[in-house]
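Reading through the structure tokens given below for one structure.
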Amino acid sequence: MGVDNSVTLESFCKNLKIEVIELTEDTMEFDMIGIDASLANAFRRILIAEVPTMAIENVLMVNNTSVIPDEVLAHRLGLIPLNADPKLFEYLSEHDTPNERNTIVFKLAVSCKKGSPRLTVKSDQLKWLPGGSELEMESPTPSAKPRTYTSFSRSQDSMPEFANKPLGVKHQDIIIDKLGPGQAIELEAHAVKGIGKVHAKWSPVATAWYRMLPEVILLKEIKGVDAEKLVKKCPVNVFDIEDVGKGEKKAVVANPRACTLCRECIRGVNEPQVELRRAKDHFIFKIESAGAIPPEVLFTDAVKILEEKCDRVICELS
């Protein structure tokens, strides 16, 4: 077919380019040039399912008289983004004891007095407990020393990693519940490290997606009335009018990046004027962080995870 699909390390390194188009606190749009669709999709899947974050996993319910059942309330708490760097924590296995290195403890104690208006419970009312759990476990022997649900050897706020950056929630205004007069919530929430492959609450992104760069080619010069008609046809303003002098105007492709390939520009014409294509090695990539980790850090982490996977494959093959 006259298409060379072979890839060498030298050509890959030479052609690979990353161009950041837009970067905000929670979103990043960038171009990945010189790569295959399989590699772009690998980054997308790693971002969604394999970059670790911290999320609430266990909820110890002391009292809940609100209209939301315990399990639904626990699920809502798990989806709140936490302002905590997962690199500073270890994974908690089923055989491990919750401690200051693998668990973050939050407390929620809210009540609505009788005769008061309805009370909105928001995420800023989740209070960090740096000393660990305050709830005592039931002991089979009354004389035994009381134990809590965690075993912290030191307070987390005394650790240098958290001394200047207290742990908490990323967004303060997320609605958790609404309490009517006489209703109350008292609970303790334990957050641990995990990945989105296990549960979506650990996914660090709201979404991560890509599309191929559109290529819009004018097959001939389009002038005068036809040029104005073409410009008006496009709903996303891909085309523009250029003055060529002597009162003549022609259509030009001004913003091919905005093209959605809706094909409006090629409808209703007797003779082909525009050709629409996609660049097979140029991807427009967008990352929307859930808020806990900046998008540029997420992409760097995804690259490192893919690199570790390649190392494991090479190690196993050797």
Side-chain angles (χ1 to χ4, degrees), residues 1-5 7 11-48 205-291 294-300 302-303:
M1 295 177 66
V3 178
D4 184 11
N5 288 320
V7 179
S11 64
F12 176 80
C13 294
K14 183 180 178 181
N15 297 327
L16 177 64
K17 292 180 183 177
I18 303 290
E19 296 179 1
V20 178
I21 305 301
E22 181 187 8
L23 178 62
T24 65
E25 184 181 358
D26 293 326
T27 64
M28 179 169 72
E29 183 178 322
F30 59 95
D31 287 4
M32 299 180 71
I33 307 166
I35 67 166
D36 189 72
S38 59
L39 191 56
N41 195 48
F43 286 129
R44 183 190 67 86
R45 290 174 65 94
I46 290 171
L47 281 164
I48 292 172
V205 295
T207 185
W209 58 276
Y210 64 86
R211 63 188 177 102
M212 293 178 178
L213 178 72
E215 290 182 336
V216 183
I217 312 296
L218 294 178
L219 300 177
K220 64 176 185 177
E221 278 198 347
I222 306 172
K223 296 182 178 180
V225 178
D226 290 338
E228 292 178 357
K229 285 181 180 179
L230 179 63
V231 171
K232 291 178 180 178
K233 272 186 177 182
C234 182
V236 290
N237 302 320
V238 170
F239 304 98
D240 200 0
I241 297 291
E242 185 180 274
D243 192 348
V244 294
K246 297 182 181 180
E248 287 191 359
K249 297 178 180 180
K250 71 174 183 179
V252 294
V253 180
N255 188 17
R257 188 185 186 87
C259 181
T260 60
L261 301 179
C262 66
R263 304 173 67 85
E264 282 295 326
C265 57
I266 63 176
R267 289 193 177 100
V269 293
N270 298 324
E271 187 180 348
Q273 297 177 333
V274 181
E275 183 179 349
L276 302 177
R277 300 187 303 214
R278 297 177 189 265
K280 293 185 178 180
D281 64 343
H282 190 143
F283 297 90
I284 300 171
F285 211 105
K286 187 156 188 178
I287 300 172
E288 295 182 16
S289 170
E296 66 273 19
V297 176
L298 288 175
F299 183 68
T300 306
V303 173

salt_bridge(Lys250, Asp240) N-O dist < 4.0 Å:
no

Quick one: are Glu29 and Phe285 in side-chain contact, heavy atoms under 4.5 Å?
no

For the side chain of Lys286 and the backbone of Thr207, is there at least one donor-acceptor N/O pair under 3.5 Å apart?
no

Which one of Trp209, Phe30, Phe299 satisfies the ring-ring contact (aromatic ring centres under 6.0 Å, His included) criterion with Phe43?
Phe299

To check you understand the geometry: which heavy-atom pair defines the closest contact between Ile48 and Ala208, and what is its length?
CD1-O, 4.2 Å

Say you draw a straight line from CD of Glu221 to CG of Asp226; how long is it, rounded to the nearest 0.5 Å?
12.5 Å

May I ask you to test the Phe12-Leu39 pair for a side-chain heavy-atom distance under 4.5 Å?
yes

Any ion pair linking Lys232 and Glu264 (charged N to carboxylate O, less than 4.0 Å)?
no

From the list Asp31, Val238, Val236, side chain to side chain contact (heavy atoms under 4.5 Å, CB included) with Arg257 holds only for Asp31

Check whether any side-chain heavy atom of Pro295 lies under 4.5 Å from a side-chain heavy atom of Leu23, and answer yes or no.
yes

List the atom of Ala251, the atom of Ala227, and the distance in Å for their closest heavy-atom pair.
N-CB, 3.6 Å

Going by heavy atoms in the side chains, are Asn237 and Asn255 under 4.5 Å from each other?
no

Counting only heavy atoms from other residues, nucleotides and ligands, does the tally under 6.0 Å from NZ of Lys249 exceed 12?
no

Stepwise salt bridge (Lys or Arg N to Asp or Glu O under 4.0 Å) check, Glu248 with Lys223:
CA-CA 7 Å; Glu248 287 191 359; Lys223 296 182 178 180; 3.5 Å; yes

Should the heavy atoms of other residues, nucleotides or ligands under 6.0 Å from CZ of Arg263 be counted, would the total exceed 12?
no

Tell me if the CZ atom of Arg45 is crowded by more than 12 foreign heavy atoms within 6.0 Å.
no

How long is the span from the CG atom in Asp281 to the NZ atom in Lys17, to the nearest 0.5 Å?
10.5 Å

So, for Val252 and Leu218, which heavy atoms are closest and what is the spacing to 0.1 Å?
CA-CD1, 4.0 Å

I'd like to check Glu288 versus Leu298 (side-chain heavy atoms, cut-off strictly below 4.5 Å). Are they in contact?
no

pair Thr27-Ile287: side-chain heavy atoms closer than 4.5 Å
no

Can you see which heavy atom on Gly291 is nearest to which on Asp26, and at what distance?
CA-OD1, 3.8 Å

Would a distance-only check, ignoring hydrogens and angles, find a side-chain to backbone donor-acceptor pair under 3.5 Å from Asn15 to Ser11?
yes

Assign the ring pair Phe283 / Tyr210 to parallel, tilted or perpendicular, where the plane angle (0 to 90°) is split at 30° and 60°.
perpendicular

Say you draw a straight line from NZ of Lys233 to SG of Cys262; how long is it, rounded to the nearest 0.5 Å?
10.5 Å

Flag side-chain contact, heavy atom, 4.5 Å: Ile241 against Glu228
yes

From Met32 atom CE to Ile18 atom CD1, the distance as rounded to the nearest 0.5 Å:
4.5 Å

Taking the basic N atoms (NZ, or NE/NH1/NH2) and the acidic carboxylate oxygens, is any pair closer than 4.0 Å for Arg278 and Glu215?
no

I'd like to know if Arg277 pairs up with Glu275 as an ion pair, taking the criterion as any Lys NZ or Arg NE/NH1/NH2 lying under 4.0 Å from an Asp or Glu carboxylate oxygen.
yes

Looking at side-chain heavy atoms only, is the closest gap between Phe239 and Val274 below 4.5 Å?
yes

